[in-house]
Amino acid sequence: MPTESTRVRFAPSPTGPLHIGSARTALFNWIFARATGGKFILRIEDTDFERSKEEYVKDITEGLSWLGLEWDKFYKQSERIEIYRKHLERLVQEDKAYPCFCTKEELEGERQAMLSQGLAPKYSGKCRGIPKDEAKHRIEAGEGYVIRFKTPEIEVSFKDLVRGTLRFDASLIGDFVIARDFNQPLYQFAVVVDDLDMKITHVIRGDDHISNTPKQILIAKAFGAEQLPYFAHIPMILNPDRSKMSKRFADTSLKEYIDKGYLSQAVVNFLALLGWHPQDDQEVMTVDEIIKKFDISRVQKGGAVFDSDKLNWFNSHYIAHLPTEEILRAAAGFVPENWKINAPMLESVRTRLSNLGKLREALEFYFALPDYEKELLRWKEMDDRRVWNGLESSLRLIEEIPAGLFKKDALEAKLTFAVEEKGKGEILWPLRVALSGKKNSPGPFEIMEALGKEETMRRVRLAMDKVQKQP
Ligand code: GLU
């Protein structure tokens, strides 16, 4: 296989938001292109004018960009209608396709007749014999028609890179429709024109397309194509109960994951393992590692179960381990604009987050101290007096640390003496509550570093006032 010239395409129909399964198809294509030094083409298949929407094209391109899957070329089928028309005319001219004038009722009648004879229904080929001139006149006279492909009654076989050799009996297919008219090509046709025209070397797509492949091979052969693309049909994504992936078990559009605060690194890592895994079974991988290890022949045949817990695990992992700067950048969309989140704030909460959507709640206490009850300051049976004493000892020690050295290790070292003398609960519990106003929060030293000296002291004094003033 010549590696430097591989060309793959991701060919979504913009009839809905980018599905997480389609994102996986895009990812496999992109990885394959990058792994083989080839080109990744994005082709929007929008020949179904009624169902295709510009907003979905936007959702698709934004989703791919978010995942980091930059494309080398961009096409829209709606801008190529003229090309398809020429190719349709050519096939009709060469007697490899023909206009069919059968009405819906006629077709339904034929279908029923075949069914009643116990036959699998297929088009009878009735309009095959209409002379080209006659067909032309009927079209010009405004008669309704479609264009059918003259399906040869042969065996079609191809070697799928995932599933091995697959064989189909084309005599069962019948003459299928390839265009509504000369200006309205259907998927089956446009996809072949484009795959040949764009010199696609590998068609990597979901295995729900397997039954389309023999039809597409026949059309390509009708064009006299010498070199067909290789095909790799990748496994369906399944619910945990092995039914087809649905909303019942998990969000299905990529946008939902983006909006909930999943990191692209986590989603890419997770999707790469849906139906593939490297030889060494490594799970956490950077994109570069995935590209290095990717091997299409290791893609599995059987369905790939979408395990949300695993995705959450990856996300927590990346939130906890990526460089702080990267997380701060990704966090921007999830917290109010006026929050100035510093690195220690993020460090204090990042190991407990499964997604960035939870960041706001986790960090809120830094920006507005909750109005907590003074009882919360008490560790076990401590009374107000002991709470006050504990806070006061902390305050005196904290005060001695210069603002420039206000770091968690220095703070911890400074408070050690008081902690050893009076006990952890007695000192650290009231201090932590004074700083966070919450029952559960990061530890006091981390919070103090994040708040800085001035705000730390203000909060401790506030707590001392609370126990002193409140009856
Ligand atoms: N437009 C088709 C789809 O969205 C693409 C199929 C293909 O990759 O050939 O399913």
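All values below were derived from every heavy atom in this structure, side-chain atoms included, with hydrogens, water molecules and symmetry-related copies excluded. Note that ligands are numbered from 1 as they come in the structure, with each ligand's atoms numbered from 1 the same way.
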Worksheet item: Can Gln216 and Tyr187 be said to form a side-chain hydrogen bond (donor to acceptor under 3.5 Å, both in side chains), step by step?
Response: CA-CA 10 Å; Gln216 293 170 10; Tyr187 158 70; 3.1 Å; yes
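- Ser436 places a side-chain N or O within donor-acceptor distance of the main-chain N or O of Arg432, the cut-off being under 3.5 Å.
- Every atom of ligand 1 is numbered from 1 in the order shown, and the set under 4.0 Å from a heavy atom of Tyr187 is 2 (C), 5 (C), 6 (C), 7 (C), 9 (O).
- At the shortest separation from atom 8 (O) of ligand 1 among protein heavy atoms lies Arg9 NH1, 2.7 Å.
- Among the candidates Lys73, Arg9, Lys86, Arg80, the single residue satisfying the salt bridge (Lys or Arg N to Asp or Glu O under 4.0 Å) test with Asp197 is Arg80.
- Per-residue contacts place Arg205 under 4.0 angstrom from the following atoms of ligand 1 (heavy atoms of the residue considered): 7 (C), 8 (O), 9 (O).
- Distances from ligand 1 to the non-hydrogen atoms of Gln216 include no value under 4.0 Å.
- Residue Ala11 has at least one N or O atom closer than 3.5 Å to an N or O atom of ligand 1.
- Listed by atom number, the atoms of ligand 1 under 4.0 Å from His209 heavy atoms are 3 (C), 6 (C), 10 (O).
- Each of the following atoms of ligand 1 lies closer than 4.0 Å to a heavy atom of Val191: 9 (O).
- Two rings, from Trp276 and Phe294, have their centers less than 6.0 Å apart.
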Item to complete: Verify ring-ring contact (aromatic ring centres under 6.0 Å, His included) between Phe306 and Phe270, making sure each step is shown before the conclusion.
Response: CA-CA 9 Å; Phe306 192 97; Phe270 170 75; 5.0 Å; yes
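- Here Arg298 does not pair with Asp295 in a salt bridge; the nearest charged N to carboxylate O distance is not below 4.0 Å.
- Under a 4.0 Å criterion applied to the non-hydrogen atoms of Glu45, ligand 1 contributes the atoms 1 (N), 2 (C), 5 (C).
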